[in-house]
Amino acid sequence: CITSIVWGTTWVASKIAVTDMPALQMASIRQFFGGIFFVLFFLLYKKIGLPTRQQFVWLLMMAFLMFVMANGLSTWSLNYIPTGLSALIGALYPLSVVVIEMLFFKNRNMNLLTFTGLLLGIAGIGIVFYESAFHNRPDGFIYGVILSVIAMLAWSVGTIFIVRNKVKMNPYYATGWQMLIGSGMLFIISHIFQPTIPLQAITAKSWLAITYLVLAGSLLAFIAFIYSMKKLPAALSSLYAYINPLVAMVTAAIVLNEQLTMNILWGAIVTLVGVFLVNYS
């Protein structure tokens, strides 16, 4: 419940933060503070040693896929597309995992439910895309969609990488290192691709949003998510994926006055039913 609600609202907090500052710089600051908290806690309090060379290589890859490509680009996409659409595209990752496994790893363990889910997911996102693209379409809409899709694909590849390249490491400690490494990468990339601003030029509104993203999104939600993965059946712990986009859409409509029509709502529900069928199958 905490994971679903908090991660749903972090989309809105990110949207608020990037209205006054470059998106990649914001993502870098957020991941730095979240990562440094986890890493220092385990280094100083739990007395866990530094990662081994093998673990560090794994962390480097995961940081790039999950926190640079997935989180960084999805945050950037919020400059161009509605919050709910970006969150919904992010929720499609189980569908792309199935397609990637089928195309590149010759996984043919598919059934009727899987293909039905894939079709529903595509149809639902098509409804939302049509409604968003042809009614009050913001500037750079297609660019934002591309960024969001690349972010979702990166999360999918990262998911597959975790399964196929397991490393024995405390998951909270690993998450902290991924955030910290990812923040360094984002810092460099943000200076290359976006004009950054001095820290003193960041508005109070953006700092409040970043504070919420760090405390609620990067700490509380991640702790709740990993805890649920360890204590609950996979089917229950994955429910956040279906609730998260709906929370983002409703919150964005209330807080940011983003458009939420019946077509968008039905399209989101059809998409999430498709994702559920794929996960279930």
Side-chain angles (χ1 to χ4, degrees), residues 7-28 30 65-96 120-156 186 189-190 193-195 205-206 209-210 212-213 217 240-272 274-275:
W7 266 349
T9 57
T10 56
W11 290 93
V12 177
S14 295
K15 183 84 166 184
I16 292 171
V18 300
T19 55
D20 294 330
M21 65 180 298
L24 296 181
Q25 184 183 14
M26 191 283 288
S28 173
R30 172 196 177 181
L65 289 171
M66 297 302 212
F67 289 98
V68 176
M69 295 295 290
N71 181 262
L73 296 188
S74 63
T75 302
W76 194 359
S77 75
L78 294 173
N79 284 139
Y80 308 102
I81 61 176
T83 310
L85 178 59
S86 185
L88 191 62
I89 292 174
L92 290 175
Y93 82 90
L95 279 64
S96 67
L120 284 176
I122 294 169
I125 203 71
I127 295 170
V128 177
F129 179 84
Y130 177 84
E131 185 78 4
S132 301
F134 295 99
H135 296 82
N136 302 318
R137 184 176 78 176
D139 294 335
F141 179 84
I142 299 300
Y143 185 60
V145 170
I146 291 171
L147 286 173
S148 194
V149 169
I150 294 173
M152 180 270 294
L153 291 174
W155 190 272
S156 304
L186 283 167
I189 294 170
S190 66
F193 291 99
Q194 291 182 338
K205 182 177 70 173
S206 291
I210 291 170
Y212 179 79
L213 288 167
Y240 83 94
Y242 317 118
I243 303 171
N244 183 358
L246 296 176
V247 171
M249 284 182 171
V250 173
T251 308
I254 295 171
V255 177
L256 304 174
N257 294 316
E258 287 191 359
Q259 185 184 39
L260 182 60
T261 65
M262 285 306 298
N263 282 343
I264 291 176
L265 196 56
W266 278 114
I269 291 171
V270 170
T271 300
L272 297 174
V275 174

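T19 places a side-chain N or O within donor-acceptor distance of the main-chain N or O of I16, the cut-off being under 3.5 Å. No donor-acceptor distance shorter than 3.5 angstrom exists from the side chain of T251 to the backbone of A248, with no hydrogens or angles considered.
Interatomic distance, I254 CD1 to L260 CG, rounded to the nearest 0.5 Å: 9.0 Å. In this structure, I122 CD1 and I127 CD1 are separated by 12.5 Å, a value rounded to the nearest 0.5 Å. Between L95 atom CG and L120 atom CG the span is 9.5 Å, to the nearest 0.5 Å. Atom OG1 in T10 sits 6.5 Å away from atom CG in N244 (nearest 0.5 Å). In this structure, the separation between CG on L85 and CG on L78 is 10.0 Å, given to the nearest 0.5 Å. Expressed to the nearest 0.5 Å, how far NZ of K15 lies from OG1 of T75 amounts to 11.5 Å.
Closest approach of P22 to Q194, counting heavy atoms only: CB-OE1, 3.4 Å. Contact detail for V145 and I81: the closest heavy-atom pair is N-CG2, 3.7 Å. The two residues L213 and S14 make their nearest non-hydrogen contact at CD2-OG, 3.5 Å. Considering all non-hydrogen atoms of both residues, V12 and A252 come closest at CG2-N, 3.6 Å. The two residues G144 and S77 make their nearest non-hydrogen contact at O-CB, 3.3 Å. When all heavy atoms of W7 and W11 are compared, the pair lying nearest together is O-CD1, 3.1 Å.
Ring pair W76/F193 is tilted by interplanar angle, where 30° to 60° counts as tilted.
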Extract all donor-acceptor atom pairs below 3.5 Å that involve side chains of residues 263-271 and protein atoms in other chains or at least two apart in sequence.
| residue | atom | partner | partner atom | Å |
| --- | --- | --- | --- | --- |
| N263 | ND2 | E131 | OE1 | 3.2 |
| T271 | OG1 | I125 | N | 2.9 |
| T271 | OG1 | G267 | O | 2.9 |

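When each of V18, V68, L186 is paired with L24, the side chain to side chain contact (heavy atoms under 4.5 Å, CB included) condition holds for L186 and for no other.
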